[in-house]
Amino acid sequence: IVTSQSTQLIKLDISRSHITDIGLHYLKRLKYLKTCNLSFTRITDDSFEIIGELSHLRNINISMCRLITDRGMGILVTKNPHLTHLSMEFTNIGQLAVIYMANHLKNPMYINMDYTSYAEFINVSSLKQKCKVVTYKRI
């Protein structure tokens, strides 16, 4: 209902909702969406096939989306290299996701990887060279 009634939305917060990968197909209607908060949802890597097509999207929060892996991050940043702000606290991403971000993001500004499952093993030096702020606190 929201996506059909408000196609001009630029910011959407559907955190803590019961949205699924299938439900995200409706986001395609939001041609001007710049910020999307999907934290605490049960989306999977497959959701980034849809989210990656949102060409105006610059800021995404997928914190506590425990089903997201390096593969999903690869899809997201390959399809949408213009993302500038990514927050992915407590996800299951690792070094491969960092490599994808460093290689594909054009102008990253803020990347939050605090408390990711593999934070103690991640080398973010290549990402820090491109990005203004990279956080990766360890558990």
Side-chain angles (χ1 to χ4, degrees):
I1 293 172
V2 170
T3 60
S4 64
Q5 302 279 325
S6 306
T7 58
Q8 304 295 316
L9 277 177
I10 59 170
K11 185 175 183 179
L12 180 65
D13 185 340
I14 49 178
S15 60
R16 299 181 189 272
S17 69
H18 296 284
I19 192 83
T20 64
D21 293 343
I22 295 169
L24 289 178
H25 283 278
Y26 294 105
L27 292 183
K28 287 181 184 180
R29 297 176 181 166
L30 304 176
K31 301 292 184 200
Y32 304 103
L33 189 65
K34 289 185 179 183
T35 301
C36 189
N37 186 348
L38 296 165
S39 61
F40 293 90
T41 60
R42 295 190 50 79
I43 60 169
T44 69
D45 291 340
D46 296 334
S47 65
F48 294 128
E49 291 290 344
I50 306 312
I51 296 169
E53 293 178 18
L54 301 172
S55 62
H56 284 85
L57 190 65
R58 296 295 179 265
N59 184 335
I60 188 165
N61 184 343
I62 55 168
S63 296
M64 291 301 295
C65 293
R66 304 292 289 168
L67 302 175
I68 302 299
T69 67
D70 291 345
R71 183 180 77 80
M73 289 307 300
I75 294 167
L76 177 64
V77 299
T78 300
K79 291 187 94 170
N80 192 337
H82 299 290
L83 289 167
T84 58
H85 294 74
L86 290 95
S87 187
M88 51 201 124
E89 295 178 85
F90 294 99
T91 56
N92 289 314
I93 62 160
Q95 189 64 47
L96 192 53
V98 171
I99 293 168
Y100 286 136
M101 288 185 278
N103 289 340
H104 294 283
L105 291 177
K106 302 289 185 204
N107 191 24
M109 296 173 69
Y110 175 79
I111 297 177
N112 178 351
M113 297 183 297
D114 289 347
Y115 312 113
T116 58
S117 296
Y118 307 103
E120 58 219 55
F121 306 109
I122 294 176
N123 178 347
V124 295
S125 58
S126 61
L127 194 53
K128 279 186 168 185
Q129 291 174 2
K130 281 186 91 169
C131 190
K132 291 183 182 191
V133 177
V134 176
T135 63
Y136 59 105
K137 294 178 185 166
R138 300 170 181 175
I139 297 178

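Hydrogens, waters and symmetry mates play no part in the numbers below; they use all other heavy atoms, side chains included.
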Check against side-chain contact (heavy atoms from CB on, under 4.5 Å), L76 and Y100: CA-CA 9 Å; L76 177 64; Y100 286 136; over 6 Å; no

Full working for side-chain contact (heavy atoms from CB on, under 4.5 Å) between H82 and R58: CA-CA 6 Å; H82 299 290; R58 296 295 179 265; 3.5 Å; yes

Pair K28-Y26, side-chain contact (heavy atoms from CB on, under 4.5 Å): steps then yes or no: CA-CA 5 Å; K28 287 181 184 180; Y26 294 105; over 6 Å; no

Residues L24, I14; criterion side-chain contact (heavy atoms from CB on, under 4.5 Å); working and verdict: CA-CA 10 Å; L24 289 178; I14 49 178; 4.3 Å; yes

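No side-chain heavy atom of K34 sits under 4.5 Å from any side-chain heavy atom of K11. Using a 4.5 Å cut-off on side-chain heavy atoms (C-beta onward), I60 and F48 make contact. The shortest side-chain heavy-atom distance between K132 and N107 does not fall under the 4.5 Å cut-off. In this structure the side chain of I111 reaches within 4.5 angstrom of the side chain of L105, judged on heavy atoms. Side chains of I10 and H56 form no contact here, defined as non-hydrogen atoms less than 4.5 Å apart. Within the 4.5 Å cutoff, no side-chain heavy atoms of V98 are placed close to those of V134. Residues M73 and M113 have side chains not in contact (no heavy-atom distance under 4.5 Å, counting atoms from C-beta outward).
Grouping the Ile, Leu, Val, Met, Phe, Trp and Tyr side chains by contacts below 4.5 angstrom, directly or via other members, places L12 with I51. The cluster map of Ile, Leu, Val, Met, Phe, Trp and Tyr, joined by side-chain heavy atoms under 4.5 Å apart, puts I19 and L9 in the same cluster. V124 and I68 fall within the same hydrophobic cluster, defined by Ile, Leu, Val, Met, Phe, Trp and Tyr side-chain heavy atoms under 4.5 Å apart, directly or through other members.
Looking at Q95, its side chain does come within 3.5 Å of a backbone N or O of N123 through a donor-acceptor pair. Using a distance-only test at 3.5 Å, with no hydrogens or angles considered, a donor-acceptor pair links the side chain of N92 to the main chain of R66. Under the 3.5 Å distance criterion, the side-chain polar atoms of D114 are left unmatched by any main-chain donor or acceptor of E89. Side chain of D45 to main chain of T69: a donor-acceptor pair is present (N/O by atom type, distance under 3.5 Å, no hydrogens or angles). With hydrogens and angles disregarded, a donor-acceptor distance shorter than 3.5 Å links the side chain of D21 to the backbone of T44. The backbone N or O of A102 sits less than 3.5 Å from a side-chain atom of K130, completing a donor-acceptor pair.
Taken to the nearest 0.5 Å, the CG atom of D13 stands 8.5 Å off from the CG atom of L38. In this structure, CD1 on I122 lies 10.5 Å from CG on L96, to the nearest 0.5 angstrom. The OG atom of S6 sits 9.0 Å away from the CD atom of Q8 when rounded to the nearest 0.5 Å. Separation of atoms CG (L57) and OG1 (T84) is listed at 9.0 Å; rounding is to 0.5 Å. Atom CG of N61 is separated from atom CE of M88 by 9.5 Å, given to the nearest 0.5 angstrom. Expressed to the nearest 0.5 Å, how far CZ of R71 lies from CD1 of I93 amounts to 14.5 Å.
Of all non-hydrogen atoms in L27 and C36, the two that sit nearest each other are CD1-SG, 4.5 Å. For the pair T41 and C65, the tightest heavy-atom approach, listed with the atom from each and the gap, is OG1-SG, 3.5 Å. In terms of heavy-atom proximity, V77 sits nearest to H104 at O-CB, 3.5 Å. Residues N80 and G52 come closest through the heavy atom pair CB-O, 3.6 Å.
Using a cut-off of 4.0 Å between Lys/Arg side-chain N and Asp/Glu carboxylate O, E49 and K79 are scored as salt-bridged.
Within a 6.0 Å sphere centred on CE of M64, heavy atoms belonging to other residues, nucleotides or ligands number more than 12.
Aromatic ring orientation, F90 versus Y115: parallel (interplanar angle below 30°, classes split at 30° and 60°).
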